[in-house]
There are 2 protein chains.
Amino acid sequence: MKIGELSRATGTNIETIRYYERIGLLPAPDRTAANYRSYGDAHRSRLSFVRHSRDLGFTIEEIRSLLDLSDDPARDCGEADRIATAHLEQVQAKIAQLTLLRDELARIVGRCRGGVAADCRVIEALGDHRHCESPH
Amino acid sequence: MKIGELSRATGTNIETIRYYERIGLLPAPDRTAANYRSYGDAHRSRLSFVRHSRDLGFTIEEIRSLLDLSDDPARDCGEADRIATAHLEQVQAKIAQLTLLRDELARIVGRCRGGVAADCRVIEALGDHRHCESPH
DNA sequence: TATGCACCCTGTAGCAACTACAGGGTCAAG
DNA sequence: CTTGACCCTGTAGTTGCTACAGGGTGCATA
Ligand SMILES: [Zn+2]
Ligand SMILES: [Zn+2]
Ligand SMILES: [Zn+2]
Ligand SMILES: [Zn+2]
């Protein structure tokens, strides 16, 4: 499989595939006589793993650890669980933070009654956190 | 006010203040004889506006537009409202996306029963989106 | 045979919004 | 007169890509 085919098979940008190789996330594949990268099924499933994990919001470093783990099938999977749980907690924290933000923004946006910038409650609210009702 | 004092007054990193000046978000202040930046109240409140808007998740470019608007108090404030509303919608979209993610991650994490990596349901789920119940 | 076109290669630079030095200058206190 | 806190400029690093520039390869068609 050449890089374009792998790209289509996994929905990954070609430049991104080369980038993953450069940072050591994907192993360098064999080359054809014309120096084209030549991938097999193992590459495809590894890249799918990476893409899916990225879609789920894991960082490259987390994915690196997860791949190390799955490359070594006899190891205890506790670390995978720890990484995934920590990530879940981060997502929950982010949701909580964005929810505060959303409420505050909704309050701010709701204050605008039109008119000139000098009288705008939105601009006023942005300039001074003391107008806020939440910490954010 | 020297830069360290402005930094403390607004809770902004000194490097960040200089960065904002470099990108034209804050006007270059006067200098002392020793070539130190010397700020006044106008700088302080402009920087507070920037920091607060950043805390609320606005991008630098959005903040630039908002500052332009508030620099020109006779202008209609409709654009401020549009920027803030668009931003609110983005935050809402992000929350929705993260909520899907959170649910999917919770399902994945919940599957791990311990054991070796080869049998780990977490690693399996990360490798294949077909195990997912939501699109994310 | 030429030539067009799709595809591949490397290497580098750009994005957002900072942050972190390196390598220097200034100033007041002890 | 030296120590330490502060300030300066300029550059490079961070994350996770993405976008070229400037070239090579391979196959079909005129
Ligand atoms: Zn308004
Ligand atoms: Zn606030
Ligand atoms: Zn497990
Ligand atoms: Zn999935």
Side-chain angles (χ1 to χ4, degrees), chain A residues 1-26 28-39 43 46-67 83 86-87 90-91 94 97 101, chain B residues 1-26 28-40 43 46-67 83 86-87 90-91 94 97 101 136:
Chain A
M1 201 182 340
K2 281 188 283 182
I3 199 168
E5 207 180 332
L6 180 65
S7 163
R8 283 185 298 275
T10 60
T12 312
N13 196 319
I14 288 178
E15 322 261 30
T16 304
I17 298 174
R18 289 198 279 245
Y19 167 70
Y20 287 160
E21 180 182 330
R22 209 159 55 238
I23 64 171
L25 201 59
L26 296 183
D30 289 344
R31 300 291 182 123
T32 68
N35 199 31
Y36 289 5
R37 288 174 179 81
S38 176
Y39 297 97
H43 289 99
R46 197 177 178 91
L47 180 53
S48 295
F49 185 99
V50 171
R51 283 315 309 170
H52 192 219
S53 302
R54 286 292 300 130
D55 288 345
L56 287 164
F58 289 92
T59 66
I60 299 280
E61 289 315 305
E62 287 166 342
I63 295 169
R64 214 187 278 279
S65 304
L66 291 166
L67 283 170
I83 292 172
H87 181 51
Q90 275 201 19
V91 170
K94 188 80 190 171
Q97 188 218 325
L101 222 70
Chain B
M1 204 184 332
K2 281 188 283 181
I3 199 167
E5 207 180 332
L6 181 64
S7 164
R8 284 186 297 276
T10 60
T12 312
N13 196 320
I14 288 178
E15 321 261 31
T16 304
I17 297 174
R18 289 197 280 247
Y19 167 70
Y20 287 161
E21 179 182 329
R22 211 159 55 237
I23 64 171
L25 200 61
L26 296 183
D30 289 344
R31 299 290 182 124
T32 67
N35 199 32
Y36 290 4
R37 288 173 179 82
S38 175
Y39 297 97
H43 290 100
R46 196 177 178 92
L47 180 52
S48 295
F49 185 100
V50 171
R51 282 317 308 171
H52 193 219
S53 302
R54 287 292 300 128
D55 288 344
L56 288 163
F58 289 92
T59 65
I60 299 280
E61 288 316 304
E62 287 166 341
I63 295 169
R64 217 187 276 281
S65 303
L66 290 166
L67 283 170
I83 292 171
H87 181 51
Q90 276 200 17
V91 170
K94 188 79 190 171
Q97 188 218 326
L101 224 68
H136 64 97

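Chain naming here is simple, since letters A, B, ... match the order of the sequence lines and numbering starts at 1 in each. Atoms considered below: every heavy atom in the structure, side chains included; atoms not considered: hydrogens, waters and symmetry mates.
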How many whole angstroms separate atom [atom1] of [X] from atom [atom2] of [N]?
| X | N | atom1 | atom2 | result |
| --- | --- | --- | --- | --- |
| A:M1 | C:dC7 | CE | P | 16 Å |
| A:I3 | C:dA6 | CD1 | C1' | 15 Å |
| B:I60 | C:dT19 | CD1 | P | 11 Å |
| A:R54 | D:dT15 | CZ | P | 11 Å |
| A:F58 | D:dG16 | CZ | P | 13 Å |
| B:R31 | D:dC6 | CZ | C1' | 14 Å |
| B:I63 | C:dA17 | CD1 | C1' | 10 Å |
| A:R37 | D:dG26 | CZ | C1' | 18 Å |

**Asked** Where the side chain of B:S53 meets the backbone of B:F49, is there a donor-acceptor pair that is under 3.5 Å apart?
**Response** yes

Look at all strands and tell whether [X] reaches a base, only sugar-phosphate, or nothing, counting heavy atoms closer than 4.0 Å.
| X | answer |
| --- | --- |
| A:R8 | nothing |
| B:T59 | sugar-phosphate |
| A:R64 | nothing |

Give me, pair by pair, the N or O atoms of the protein and of nucleotides 21-24 of chain D that are less than 3.5 Å apart, along with how far apart they are.
residue	atom	partner	partner atom	Å
D:dG24	N2	A:Y36	OH	2.9

- Message: Closest-nucleotide mapping onto DNA chain C: is B:E61 or B:A34 further toward the 5' terminus? I mean the 5' end.
- Response: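 Closer to the 5' end of DNA chain C: B:E61.
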
(Q) Applying side chain to side chain donor-acceptor pair (under 3.5 Å) to A:Y20 and A:R51, what does each step give before you reach the verdict? (A) CA-CA 11 Å; A:Y20 287 160; A:R51 283 315 309 170; 2.8 Å; yes

Value for OG (B:S48) from CG (B:L6), rounded to nearest 0.5 Å, stands at 8.0 Å

Note to self: At a heavy-atom distance below 4.0 Å, what parts of residues 14-26 of chain B sit against DNA chain D?
What the structure shows: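 Only B:I14, B:R18 qualify.
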
Strictly below 4.0 Å, N to O, side chains only: are A:E61 and A:R64 in salt-bridge contact?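 Yes, A:E61 and A:R64 are salt-bridged.
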
Report task. Apply the side chain to side chain contact (heavy atoms under 4.5 Å, CB included) test between B:V50 and each candidate in B:I63, B:I17, B:L66; give the one that qualifies. Result ->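 For B:V50, the side chain to side chain contact (heavy atoms under 4.5 Å, CB included) check succeeds only for B:I63.
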
Within the structure, does a side-chain N or O atom of A:N35 lie under 4.0 Å from either OP1 or OP2 of C:dC9?
->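 Result: no.
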
Query raised in the report: Considering heavy-atom distances to DNA chain D, does A:K2 or A:R51 have its closest nucleotide positioned more toward the 5' end?
Result: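 Its nearest nucleotide being more 5', the pick is A:R51.
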
Close side-chain approach of [X] to [Y], heavy-atom, < 4.5 Å:
| X | Y | value |
| --- | --- | --- |
| B:Y19 | B:L25 | no |
| A:I60 | A:R54 | yes |
| A:H43 | A:R46 | no |

Salt bridge (charged side-chain N to carboxylate O under 4.0 Å, His left out) filter on A:R37, not counting sequence neighbours, yields A:E21

